[in-house]
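For reference, the structure is listed below as structure tokens.
None of these values were measured; they are calculated from a predicted model. This chain uses plain numbering: 1 for the first residue, then up along the sequence.
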Amino acid sequence: VDCVVTTAGGVEEDLIKCLAPTFVGDFSLKGKELRDSGINRIGNLLVPNENYCKFEDWMMPILDQMVLEQNEQGMKWTPSKVIARLGKEIDDPESVYYWTSKNNIPVFSPALTDGSIGDMIYFHSYRNPGLVLDIVEDIRRINNQAVYAKRTGMIILGGGVVKHHIANANLMRNGADYSVYVNTGQEFDGSDSGARPDEAVSWGKIRVDAKPVKVCADATLVFPLLVAETFARNFDALSPQSKML
């Protein structure tokens, strides 16, 4: 894995689960009753308000330190650098971003403020103003990673800004060599989320001679199976440790 692209929710919920539990509920639970009980629903998952209070208590000192490093050391923060810092600070193997930080895998999130992290940055801007996040450095970083790669492959779970951000980086190199989409989106509504791989071919985001695949399924069910039958099966052969033996 050379890089990851995710949403703000994909970052914060990963971190919050290390601070407090998220519960399995039901898609049909009534919003008013949940609101009165101080519980937020994400699909069939339930997150108490208290979890976000704990997240705020954890985030504020980190944001303070980031402002200090910006002002005293000239640190230029980007969304990917913020995620790397958060992964380091959570220091919990249960976190995906603990492992990306530990292995120096950049995580890009062009809409990092679109969620609780954005709320925390907003609140913090009144307590200790001045933090600046540079999205230009990150777009150069992900695009250049695609441009200078000999070959690229995209595994895109779901849709939205993440799907397009990955595909658009590959436009800079006349398309990805390998592409796998896993989502339940349909193209009849005109959304990029539901667009088939062939639409990306027309833009030069997937190479014309590639053989892309779209799996119409729930990514949380299908992706573990894909990993088990590909990367996990060949883990020993691919790992640096095995090459040293």
Could you go through the side-chain contact (heavy atoms from CB on, under 4.5 Å) check for E89 and Y98 one step at a time? CA-CA 8 Å; E89 294 290 343; Y98 164 83; over 6 Å; no
Given side-chain contact (heavy atoms from CB on, under 4.5 Å), test L133 with V82 step by step and report yes or no. CA-CA 9 Å; L133 298 185; V82 171; 3.5 Å; yes
Determine, step by step, whether V182 and L226 satisfy the side-chain contact (heavy atoms from CB on, under 4.5 Å) criterion, reporting the C-alpha distance in whole Å, the side-chain angles of both residues, the deciding distance to 0.1 Å, and the verdict. CA-CA 10 Å; V182 184; L226 292 177; 4.1 Å; yes
Show the numbers, then the answer: is there a side-chain contact (heavy atoms from CB on, under 4.5 Å) between M60 and M120? CA-CA 7 Å; M60 290 302 160; M120 301 308 151; 4.3 Å; yes
What verdict does the salt bridge (charged side-chain N to carboxylate O under 4.0 Å, His left out) test give for E50 and K54, after you've listed the backbone C-alpha separation in whole Å, the side-chain angles of each residue and the deciding distance to 0.1 Å? CA-CA 6 Å; E50 181 183 352; K54 291 181 179 180; 3.7 Å; yes
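Formation of a donor-acceptor pair under 3.5 Å by the K163 side chain with backbone atoms of D192 is found in this model. Side-chain atoms of N168 do not come within 3.5 Å of backbone N or O of H164 as any donor-acceptor pair. E12 places a side-chain N or O within 3.5 Å of a backbone atom of S116 that can act as its donor or acceptor partner. The backbone N or O of G130 lies less than 3.5 Å from a partner atom in the side chain of Q70, making a donor-acceptor pair. In this structure, the side chain of S193 engages the main chain of G160 through a donor-acceptor pair within 3.5 Å. No donor-acceptor pair closer than 3.5 Å links the side chain of E137 to the backbone N or O of T78. In this structure, the side chain of R173 engages the main chain of A149 through a donor-acceptor pair within 3.5 Å.
Taking the side chain as every heavy atom from C-beta outward, P212 and R196 never approach each other to under 4.5 Å. Looking at V47 and Y52, their side chains come closer than 4.5 Å, going by heavy atoms from C-beta outward. Counting only heavy atoms from C-beta outward, the side chains of L45 and V24 approach each other to under 4.5 Å. Put simply, the side chain of H124 reaches to within 4.5 Å of the side chain of D64, judged on heavy atoms. A 4.5 Å side-chain heavy-atom check between P93 and W99 finds at least one atom pair inside the cut-off. The side-chain heavy atoms of S80 and D138, taken from C-beta on, include a pair separated by under 4.5 Å. Residues Y181 and I206 have side chains in contact (heavy-atom distance under 4.5 Å, counting atoms from C-beta outward). Taking 4.5 Å as the limit, every side-chain heavy atom of L46 sits out of range of all side-chain heavy atoms of N40.
Counting non-hydrogen atoms of other residues, nucleotides and ligands closer than 6.0 Å to CG of D92 gives a total above 12. Heavy-atom neighbours of Q65 CD from other residues, nucleotides or ligands within 6.0 Å: above the threshold of 12.
Here the straight-line distance linking atom CG of N128 with atom CG of L68 works out to 9.0 Å at 0.5 Å rounding. Atom-to-atom distance recorded for T113:OG1 and I121:CD1 is 6.5 Å, nearest 0.5 angstrom. Once rounded to the nearest 0.5 Å, the distance linking OG1 of T22 with CG of N51 reads 5.5 Å. Residue S37 holds its OG atom at 9.5 Å from NZ of K32, rounded to the nearest 0.5 Å. Between the CD1 atom of I117 and the OG1 atom of T7 there is a distance of 9.0 Å, given to the nearest 0.5 Å. In this structure, OG1 on T152 lies 7.0 Å from CE on M154, to the nearest 0.5 angstrom.
Just one residue in the list K81, K76, R85 forms a salt bridge (Lys or Arg N to Asp or Glu O under 4.0 Å) with E69, and that residue is R85. The one candidate from I16, D14, L15, I62 that meets the side-chain contact (heavy atoms from CB on, under 4.5 Å) condition with I90 is L15.
Remark: K205 is positioned above the aromatic ring of W203, its terminal NZ or CZ atom under 6.0 angstrom from the ring centre and at most 45 degrees off the axis.
For A217 against V222, the heavy-atom pair with the smallest separation is CB-CG2, 3.3 Å. Contact detail for D134 and P79: the closest heavy-atom pair is O-CD, 3.8 Å. Across D177 and R151, no two heavy atoms sit closer than the pair OD2-CA, 3.2 Å. Considering all non-hydrogen atoms of both residues, V5 and P110 come closest at CG1-CD, 4.3 Å. Looking at every heavy atom in both residues, A8 comes nearest to L112 through CB-O, 3.2 Å. Annotation for R41 and L29: closest pair NE-O, 4.1 Å, computed over non-hydrogen atoms.
Membership of an apolar cluster is not assigned to V136, as no side-chain contact below 4.5 Å to another ILVMFWY residue is traced.
Look at E229 and R233 and you find a salt bridge, because one of the NZ, NE, NH1 or NH2 atoms lies within 4.0 Å of a carboxylate O, short of that distance.
Residue pairs meeting the side chain to side chain donor-acceptor pair (under 3.5 Å) criterion with at least one partner in residues 101-110, sequence neighbours excluded, are absent.
Hydrophobic clustering (ILVMFWY, side-chain heavy atoms < 4.5 Å, transitive): V180 and I166 are in distinct clusters. Hydrophobic clustering (side-chain heavy atoms under 4.5 Å, transitive across Ile, Leu, Val, Met, Phe, Trp, Tyr) groups M66 together with V11. Note on L225: it does not cluster hydrophobically with L221, by side-chain heavy-atom contacts below 4.5 Å among ILVMFWY residues. Taking hydrophobic clusters as Ile, Leu, Val, Met, Phe, Trp and Tyr residues chained together by side-chain heavy-atom distances below 4.5 Å, I135 does not share a cluster with I83. No chain of hydrophobic side-chain contacts below 4.5 Å, direct or via other Ile, Leu, Val, Met, Phe, Trp or Tyr residues, connects V213 to V162.
The aromatic rings of W58 and F55 sit parallel to each other, their planes meeting at less than 30°, with 60° as the upper class boundary.
Side-chain polar atoms of N44 and D26 form no donor-acceptor pair below 3.5 angstrom.
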